[in-house]
Amino acid sequence: MRSKETFFWITISCGIVIMAFILIPLVEMMTAPSFAMLKETIKDKDVVRSIWLSIYTAGLAAIISFIFGTPLAYLLARTDFTGKRFVESIIDLPIVIPHPVVGIAILSIAGRNHWIGQIFSDLGIRIMGSVTGIVVVLTFVGLPFYVNAVKNGFESISPRLENVSRSLGASMFSTFFRITFPLAWRSMLIGIIMCSARAISEFGAVVIVAYHPMIAPVMIYERFEAYGLKYSQPVAVWLVSICLILFLALRILTLHNKKEA
Amino acid sequence: MIKIENLNIHLGKFNLYDINLNIEENEFFILMGPTGAGKTVLLEAIAGLIPTKSGTIYVRNKNITKLPPEKRGIGIVYQDHSLFPHLTVLDNITYGLHFHKIDKAQAEKRLNRLVKDLNLDHLLKRLPLNLSGGELQRVALARALMVNPSVLLLDEPLSSLDTSFREEIRTGLKRLHKDSNVTFLMVTHDFAEALSLADRAAVMNHGIMEQTGSMEDIFQRPDSTFVADFVGMKNLFAAQFRDTKAIIDNLEIELGRKPANSHGYIAIRPEDIVLSKEKLASSMRNSFKGNVTGVSDKGLYYEVDIMVKNVTFKSSITKSSLFELGIQEGIEVLLSFKSTAIHNF
């Protein structure tokens with residue numbers, strides 16, 4: 001690209017506008033609370049509990065996505081079947097459905113007047129207003145991100161490697177664990193990060209299914225409603241910082257291993 | 001050894017129709033055909049990597065059609081080498097040992113022999129990422145042979161290599177085949193490769209087996225217009241046969257023998273057609289006057305189109321004879337060929 005062209009300047013300007021649009025509000029929010037206020041907030045047991053709840057429910061959603069999503073992602077990456085496009089669009093549905101609608105949809109099967117809700121209630125599992133309910137919602141919204149990331153990962157591994165492995169005497173299971181998994185685990189980690197990042201940010205669906213126990217986004221909303229901007233900002237800062245550190249740590253871990261390989 | 005009976009495969013884009021093939025124990029068999037002919041599909045079917053619709057595959061008289069790939073003992077080497085990128089060369093080569101009960105001392109002996117034969121000693125600790133094409137292919141061969149398969153399938157193993165590596169791997173292949181009791185089945189589209197390695201070959205097109213036979217049969221006596229064209233018999237004409245003559249339009253060609261059929265095809269290699277200014281004093285029974293209608297540079301030789309009555313012949317000649325004869329478009333030349341150079345079917 002020649003730097004003197006108008007087109008080039010348009011692309012640069014748009015880039016700068018977008019950077020500013022994203023960064024200015026975030027930086028403003030992050031720097032608004034005083035140090036003393038941040039310190040006081042993190043001493044608040046409710047805040048710590050809600051951030052911890054957010055992180056571990058999102059983590060559980062990611063683990064559930066990992067267990068159930070990995071085989072599905074493999075199936076989608078390796079096989080062609082009629083209706084595959086249809087299955088793929090179903091997996092993408094949670095991304096496009098408005099968040100409160102997700103919450104309402106889950107509630108509508110969790111109630112006692114639905115047979116699934118009836119089974120759960122007989123088993124003593126409560127969805128409404130419980131950690132289980134939060135995990136269900138977060139898995140619902142996070143799963144597509146995991147499946148899509150890992151599907152792409154599997155697709156980038158040549159099926160010929162698996163063919164060769166099998167011709168050398170390895171069963172499908174051995175082939176998966178000796179060849180496919182070691183080559184795809186990085187994309188699984190990325191999938192886990194994407195899935196839990198999406199899950200941590202969920203508010204609209206959770207607030208309908210479980211206002212209590214309170215996850216961090218709900219708490220931020222509650223503090224904003226009850227006390228105003230000033231009191232919601234420190235919680236937000238802590239949530240964002242802890243998440244960033246966690247994701248950064250995961251990324252560094254993957255980059256580090258890439259060099260080794 | 002390998003016996004394929006009425007094999008049909010329908011995979012949407014890739015299909016095989018009624019394939020029959022017989023390969024002898026310890027043979028070096030070549031499979032040829034244009035891109036999309038179904039060669040790789042056939043290899044993968046033999047290896048058990050794709051489902052068959054109908055038909056039977058036998059290896060050493062055992063029906064393996066329904067066996068999973070890991071139970072077949074058939075090795076495969078792909079054009080792109082397909083080494084496991086996360087394993088060292090040594091781990092790649094010994095990968096198959098995890099799944100085979102092979103005596104440790106025997107495995108060691110085999111490993112040493114392969115490492116020596118394929119000159120891999122200095123590479124064992126390295127990852128595939130930094131290896132050259134020739135090195136990668138040598139590792140892939142060692143990996144496949146390490147578990148002592150009954151059959152080794154090679155899918156264009158040389159076509160991704162530079163010319164210098166190609167020669168090296170080709171000699172290596174020949175030696176490996178001679179020193180082992182493994183049956184080799186190799187896909188290639190390089191005739192020189194095919195001729196130097198194999199005794200017998202098959203030609204495929206559009207999922208159909210066009211011809212199976214000795215290299216000589218396929219190159220000199222193709223039995224379909226496709227194979228004739230594929231092996232470079234560029235002079236291919238539909239003809240009526242009358243007594244010992246073949247008639248194309250109103251051109252009479254002496255075959256020196258009486259064909260069994262009344263009409264069919266004749267095929268002549270362009271290098272078997274000799275051009276001259278005057279009638280040659282030789283034993284060539286067929287000699288026609290014609291007009292040069294085209295000359296094209298093919299790198300190592302020239303291809304000359306000569307129109308005789310309504311029939312266009314193609315002759316390939318060297319650059320020096322092109323200049324000696326002063327051949328250019330529009331001039332008249334004499335073209336001659338022996339009747340034994342004519343293949344009819």
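Numbers restart at 1 for each chain; the letters A, B, ... are given by sequence-line order, proteins then strands.
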Undergrad: For atom CD of E108(B), is the number of surrounding heavy atoms from other residues, nucleotides or ligands below 6.0 Å larger than 12?
TA: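 No - once you tally the heavy atoms of other residues, nucleotides and ligands closer than 6.0 Å, there are 12 at most.
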
Undergrad: Between Y78(B) and N163(A), is any pair of side-chain heavy atoms under 4.5 Å apart?
TA: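 They are in side-chain contact.
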
Undergrad: Could you pull out the closest heavy-atom pair between H100(B) and G169(A), with the gap in Å?
TA: CE1-CA, 4.0 Å

Undergrad: Among G48(B), G73(B), G96(B), S82(B), which residue forms the greatest number of heavy-atom pairs with chain A at distances under 4.5 Å?
TA: S82(B)

Undergrad: Quick check: are there more than 12 heavy atoms from other residues, nucleotides or ligands sitting under 6.0 Å from NZ of K84(A)?
TA: yes

Undergrad: Heavy-atom distances under 4.5 Å only: say whether L183(A) touches chain B with side chain, backbone, both or neither.
TA: side chain

Undergrad: Check whether D91(B) gets within reach of chain A through its side chain, its backbone, both or neither, counting any heavy atom under 4.5 Å.
TA: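 Contact with chain A is absent: no heavy atom of D91(B) under 4.5 Å.
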
Undergrad: Closest approach of Y95(B) and L168(A), non-hydrogen atoms and distance?
TA: CD2-CD1, 3.7 Å

Undergrad: Just give me the residue among P69(B), A140(B), G75(B) that pairs up with chain A most often, heavy atom to heavy atom, under 4.5 Å.
TA: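 Heavy-atom pairs under 4.5 Å are most numerous for P69(B).
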
Undergrad: Side chain, backbone, both or neither: which part of L83(B) has a non-hydrogen atom closer than 4.5 Å to chain A?
TA: backbone

Undergrad: Please flag which part of H98(B) lies under 4.5 Å from any non-hydrogen atom of chain A: side chain, backbone, both or neither.
TA: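 It is the side chain, since no backbone atom gets that close.
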
Undergrad: Can you check side chain to side chain contact (heavy atoms under 4.5 Å, CB included) on R143(B) and V164(A), steps first, answer last?
TA: CA-CA 10 Å; R143(B) 178 177 63 181; V164(A) 168; 3.2 Å; yes

Undergrad: Evaluate whether atom CZ of F81(A) has more than 12 neighbouring non-hydrogen atoms of other residues, nucleotides or ligands under 6.0 angstrom away.
TA: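 Correct, the count exceeds 12.
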
Undergrad: Only pairs of heavy atoms separated by less than 4.5 Å count here; which of L49(B), V147(B), L97(B), L153(B) has the most with chain A?
TA: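 Ranked by heavy-atom pairs under 4.5 Å with chain A, first place is L49(B).
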
Undergrad: Between L87(B) and P182(A), is there a side-chain heavy-atom distance shorter than 4.5 Å?
TA: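 In short, these two side chains do not touch, never coming nearer than 4.5 Å.
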
Undergrad: For R178(A), does its backbone N or O pair with a side-chain atom of H86(B) as donor and acceptor, under 3.5 Å?
TA: yes

Undergrad: Which atom names give the shortest non-hydrogen contact between I76(B) and S167(A), and what distance separates them?
TA: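 Minimum heavy-atom separation between I76(B) and S167(A): CG2-OG, 3.6 Å.
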
Undergrad: Does CG in N61(B) sit with more than 12 non-hydrogen atoms of other residues, nucleotides or ligands closer than 6.0 Å?
TA: no

Undergrad: So which heavy atom on E70(B) is nearest to which on A170(A), and how close?
TA: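 Residues E70(B) and A170(A), closest heavy atoms: CB-O, 3.4 Å.
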
Undergrad: How long is the gap from CZ on R160(A) to NE2 on H81(B), to the nearest 0.5 Å?
TA: 11.0 Å

